[in-house]
Every structure is written in structure tokens, then in C-alpha cells.
Amino acid sequence: DLSEAEASAQAERTVPTGRFVVAASNVFGRLHVAPLMCRYLVKYAAVQGELMLGDRPLNLVEDGVDAAVRIGRLADSTLVARAVGATRRVVVASPQYLERHKPSRRPEALSSHQLIHFTALDAAPVWSFERRGETTTVPLRPSFATNRADAAIGHALLGGGLTMVLGYQVVDAVRAKRLQVVLEDHEPPPLPIHVVYPSTKLLSAKVRAFVDLITTTCDWQFTDF
């Protein structure tokens with residue numbers, strides 16, 4: 001029995017096999033991690049994959065998660081983190097809205113605009129900006145608030161006002177000129193994207209193959225658009 005257990009452990013360290021649980025936020029997980037997971041499972045047929053989507057950070061050890069993709073600054077922990085990308089925080093509006101309302105060049109001028117607050121980015125009704133090392137915090141009186149990025153972006157696309165979201169959520173709409181970035185010179189620094197996993201002496205083949213697939217096939221740099 002001991003020999004079989006040792007052989008099984010050795011195989012798990014060299015060939016991806018068995019149950020593999022990955023966690024990610026709702027929107028990024030749906031848009032980017034889910035397609036990656038599908039490619040992973042096609043490539044490694046001996047793996048039984050599970051993708052957990054949600055905006056509440058999980059405790060990887062307690063919740064039985066092998067790896068997670070997280071956006072933002074990481075708190076100190078025992079997790080191993082590998083940087084795999086970055087995303088801007090952008091303020092966008094539709095061209096139709098900006099035809100009716102002169103674009104703001106300074107954050108302080110936002111009070112004259114219709115504002116759409118995406119509360120999952122920051123629950124407090126404020127937007128933070130940075131320029132030349134100085135931070136400006138603007139209190140909001142939003143005309144619409146929602147915890148769903150698609151709802152905030154949808155309202156902006158319809159001309160409902162300005163919204164602050166993450167770059168990866170609107171990159172396609174900006175490139176298609178359905179949305180326009182404003183206050184670009186006042187954006188805070190981009191947020192890093194990491195893949196994190198529990199610290200162990202021996203990294204499992206499943207996690208190693210997952211990280212390798214991200215670094216070789218994914219372009220998660222959402223900073224230039």
C-alpha cells in the first residue's frame with residue numbers, strides 16, 4: 001500500500017491527473033479563465049477540472065482550491081504568486097454621451113456628469129485618480145449603481161454616463177469605438193493579474209501545467225488599447 005501511494009504521488013508530480021479546482025472572479029473567469037480551462041482539459045484528458053467563479057476571495061486551502069487567478073494587489077499570505085498580466089482601471093463613456101457632454105479633463109469636473117458606479121470595483125461611492133504621484137479622490141453621486149460590470153457597461157453603451165471599470169472588461173468596446181476612454185492622464189497604476197496557489201515543497205504537475213499554459217498561450221496585458 002505504501003509503495004502504491006508513493007507511486008501515485010510521484011505520478012501526480014510529473015503528469016497532470018486527478019481533480020483540479022481553479023477559482024476566478026465572475027467576469028474575468030467567464031471571459032478568460034473558462035476558455036483556458038477548456039484548453040487545459042482537452043490537453044490533459046486525465047484531469048477532472050472544476051472552475052469556481054465568484055467575486056468573494058476564497059481560502060484556497062480551506063476551500064480545496066488548487067489555483068486561483070486574482071486581480072489586484074495581493075495581501076501578504078503563504079500563497080505563491082506568479083504575475084501573468086495587468087489591467088488598467090479606466091473611465092469610459094459612449095461617443096453619443098460625450099457629444100452631449102463635454103469630456104472632463106480633470107477629475108474634479110466629474111460632478112457635472114451622469115456617473116455610473118460599479119460597486120464591485122470599490123464599494124465606497126468614490127473614484128480615485130493619480131497624476132504625477134498625487135492622488136485625487138472624488139466623491140460620487142451616481143445616477144446608477146450596480147455590482148455587475150455588464151450592467152454598468154451596458155448603461156454606458158446606451159449613453160447613460162461615465163463609468164469606471166477594469167480595462168479587460170471594455171477593451172473590445174473601446175477598440176470598436178463603442179466606448180471612449182476619458183481622464184486617461186489621471187488613471188491610477190494598473191492592477192496586476194496573478195495566478196496564486198498554496199505553498200508546497202513540491203509543485204504538482206497540474207498546477208505547473210496550468211501556469212505554463214497561461215504564460216505560453218494567454219495575453220492578459222490589458223494596458224494598451
Side-chain angles (χ1 to χ4, degrees), residues 8-9 11-90 118-123 146-154 165-173 190-200 202-223 225:
S8 176
E12 186 170 317
R13 291 195 293 268
T14 56
V15 179
T17 184
R19 185 169 179 260
F20 182 51
V21 182
V22 175
S25 61
N26 277 311
V27 180
F28 194 83
R30 176 174 55 83
L31 293 177
H32 298 286
V33 183
L36 170 72
M37 195 73 170
C38 294
R39 294 197 302 273
Y40 180 91
L41 295 175
V42 168
K43 187 173 183 178
Y44 302 106
V47 174
Q48 297 83 50
E50 180 178 343
L51 179 59
M52 302 173 64
L53 300 183
D55 293 324
R56 179 182 66 86
L58 300 176
N59 183 302
L60 270 59
V61 176
E62 293 180 1
D63 292 304
V65 177
D66 295 290
V69 177
R70 292 182 174 171
I71 299 174
R73 311 297 172 189
L74 297 175
D76 291 338
S77 73
T78 59
L79 298 178
V80 178
R82 173 78 176 273
V84 291
T87 184
R88 290 160 57 189
R89 282 167 285 182
V90 295
F118 173 39
T119 59
L121 190 60
D122 192 336
T146 175
N147 65 343
R148 290 293 302 264
D150 53 355
I153 295 165
V165 291
L166 295 177
Y168 79 86
Q169 296 167 337
V170 293
V171 59
D172 291 337
L191 295 171
I193 302 173
H194 290 94
V195 57
V196 299
Y197 46 90
S199 175
T200 60
L202 296 173
L203 183 63
S204 75
K206 290 178 292 188
V207 174
R208 185 185 302 109
F210 184 71
V211 174
D212 289 345
L213 194 62
I214 294 174
T215 57
T216 57
T217 68
C218 298
D219 181 9
W220 288 352
Q221 294 290 343
F222 305 97
T223 55
F225 55 88

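Along the sequence shown, the residues carry numbers beginning at 1. Nothing here was measured: the structure is a model prediction, and the numbers come from that model.
The distance from atom NE2 of His194 to atom CG of Leu191, rounded to the nearest 0.5 Å, is 10.5 Å. Annotation: the span from Ser199 atom OG to Leu60 atom CG amounts to 12.0 Å, rounded to 0.5 Å.
Looking at heavy atoms from C-beta onward, Phe225 lies in side-chain contact with Val90 at the 4.5 angstrom threshold. The side-chain heavy atoms of Leu79 and Leu74, taken from C-beta on, include no pair separated by under 4.5 Å.
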Report task. Decide yes or no on side-chain contact (heavy atoms from CB on, under 4.5 Å) for Phe118 and Gln169, but give the supporting numbers first. Result -> CA-CA 12 Å; Phe118 173 39; Gln169 296 167 337; 4.0 Å; yes

Query raised in the report: When you look at Val80 and Val196, which way does the side-chain contact (heavy atoms from CB on, under 4.5 Å) test go after all the steps?
Result: CA-CA 5 Å; Val80 178; Val196 299; over 6 Å; no

**Report entry** Chi angles and distances behind the side-chain contact (heavy atoms from CB on, under 4.5 Å) call for Trp220, Thr87
**Finding:** CA-CA 8 Å; Trp220 288 352; Thr87 184; over 6 Å; no

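For the ring-ring contact (aromatic ring centres under 6.0 Å, His included) condition, no pair includes a residue of residues 45-72, sequence neighbours left out.
Thr119 contributes a side-chain N or O that, together with a main-chain N or O of Thr146, makes up a donor-acceptor pair within less than 3.5 Å.
A search for side-chain hydrogen bond (donor to acceptor under 3.5 Å, both in side chains) contacts involving Asn26 returns Asp55, not counting sequence neighbours. Partners of Asp122 according to the side chain to side chain contact (heavy atoms under 4.5 Å, CB included) rule, which considers only residues two or more places apart in sequence or in another chain, are Ala124, Val126. By the side chain to side chain contact (heavy atoms under 4.5 Å, CB included) test, Thr223 pairs with Ala86, Arg88, Pro190, Gln221, sequence neighbours left out. Annotation: side chain to side chain contact (heavy atoms under 4.5 Å, CB included) contacts of Val207 (sequence neighbours excluded): Phe20, Asp66, Tyr197, Leu203, Ser204, Val211. Taking the side chain to side chain contact (heavy atoms under 4.5 Å, CB included) definition, one finds that Asp63 meets it with Leu58, Asn59, Val65, sequence neighbours left out.
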Quiz: residues 46-54 side-chain donor-acceptor pairs under 3.5 angstrom, not counting sequence neighbours:
residue : atom : partner : partner atom : Å
Gln48   : NE2  : Ala46   : O            : 3.0
Glu50   : OE1  : Arg19   : NH2          : 2.8

Report all side-chain donor-acceptor pairs from residues 27-45 shorter than 3.5 Å, counting only partners two or more places apart or in another chain.
residue : atom : partner : partner atom : Å
Arg39   : NH2  : Thr217  : OG1          : 3.3
Tyr40   : OH   : Lys206  : O            : 2.8

